[in-house]
Amino acid sequence: LKRIAQLREEETIRKGAAAKFNGNLIMDWLPDLKGAALGAAISSFKASRGSNFNFLKILLDNTPETIKNEFMEFYNAKK
């Protein structure tokens with residue numbers, strides 16, 4: 001039962017992070033960014049922030065607005 005509770009908590013954390021940063025949100029911000037280019041932009045942004053654990057922590061520790069602003073700054077600098 002303890003393991004099930006732990007897995008549920010981890011899933012809740014992942015869902016909370018995904019609600020702040022995901023491909024659908026990015027396509028809302030940048031409607032022309034799709035497909036492989038979208039995937040590459042997401043991967044590059046995540047890599048620029050360190051490990052997956054660090055990226056998850058960044059998502060959890062920041063507001064959706066902050067995350068959007070950071071992504072947009074990153075994306076515009078790469079253009």
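All residue numbers in this chain count up from 1 along the given sequence. These figures come from a predicted structure and were not determined experimentally.
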Salt bridge (charged side-chain N to carboxylate O under 4.0 Å, His left out) contacts touching residues 54-68 (sequence neighbours left out):
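Salt bridge (charged side-chain N to carboxylate O under 4.0 Å, His left out) check on residues 54-68 returns K57-D61.
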List in chain and number order the residues that pass side-chain contact (heavy atoms from CB on, under 4.5 Å) with [X], two or more places apart in sequence or in another chain; answer none if no residue qualifies.
{"X": "R49", "result": "F45, F55, I58, E70, F74"}
{"X": "I42", "result": "F21, I26, L38, K46"}
{"X": "R8", "result": "I4"}
{"X": "N76", "result": "M72, K79"}

Not counting sequence neighbours, which residues clear salt bridge (charged side-chain N to carboxylate O under 4.0 Å, His left out) with D32? List them please.
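Salt bridge (charged side-chain N to carboxylate O under 4.0 Å, His left out) list for D32, sorted by chain: empty.
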Under the rule for salt bridge (charged side-chain N to carboxylate O under 4.0 Å, His left out), what residues qualify as partners of K34, not counting sequence neighbours?
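With sequence neighbours excluded, K34 shows a salt bridge (charged side-chain N to carboxylate O under 4.0 Å, His left out) to no residue whatsoever.
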Mind checking what makes side chain to side chain donor-acceptor pair (under 3.5 Å) contact with T66, not counting sequence neighbours?
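If we apply the side chain to side chain donor-acceptor pair (under 3.5 Å) test to T66, skipping adjacent residues, the hits are T63.
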By the rule that ILVMFWY residues connect when side-chain heavy atoms come within less than 4.5 angstrom, directly or transitively, which residues belong alongside I13?
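The other cluster members (ILVMFWY side chains, heavy atoms under 4.5 Å, direct or chained) are L56, L60.
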Considering only Ile, Leu, Val, Met, Phe, Trp and Tyr, and joining two whenever side-chain heavy atoms are under 4.5 Å apart, list the other residues clustered with L7.
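Reading the cluster by chain and number, L7 sits alone, since nothing else belongs.
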Please check if the side chain of K20 supplies one atom and the backbone of P64 the other of a donor-acceptor pair under 3.5 Å.
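Answer holds: no.
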Residue pairs, two or more places apart or on separate chains, that pass side-chain hydrogen bond (donor to acceptor under 3.5 Å, both in side chains) and touch residues 9-18:
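Sorted pair list: Q6-E10, E11-R14.
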For the atom pair CG (D28) and CG (L33), what is the distance rounded to the nearest 0.5 Å?
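It is 12.0 Å, given to the nearest 0.5 Å.
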Shortest non-hydrogen contact from Y75 toward A41
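In this case the closest contact between Y75 and A41 is CD1-CB, 4.4 Å.
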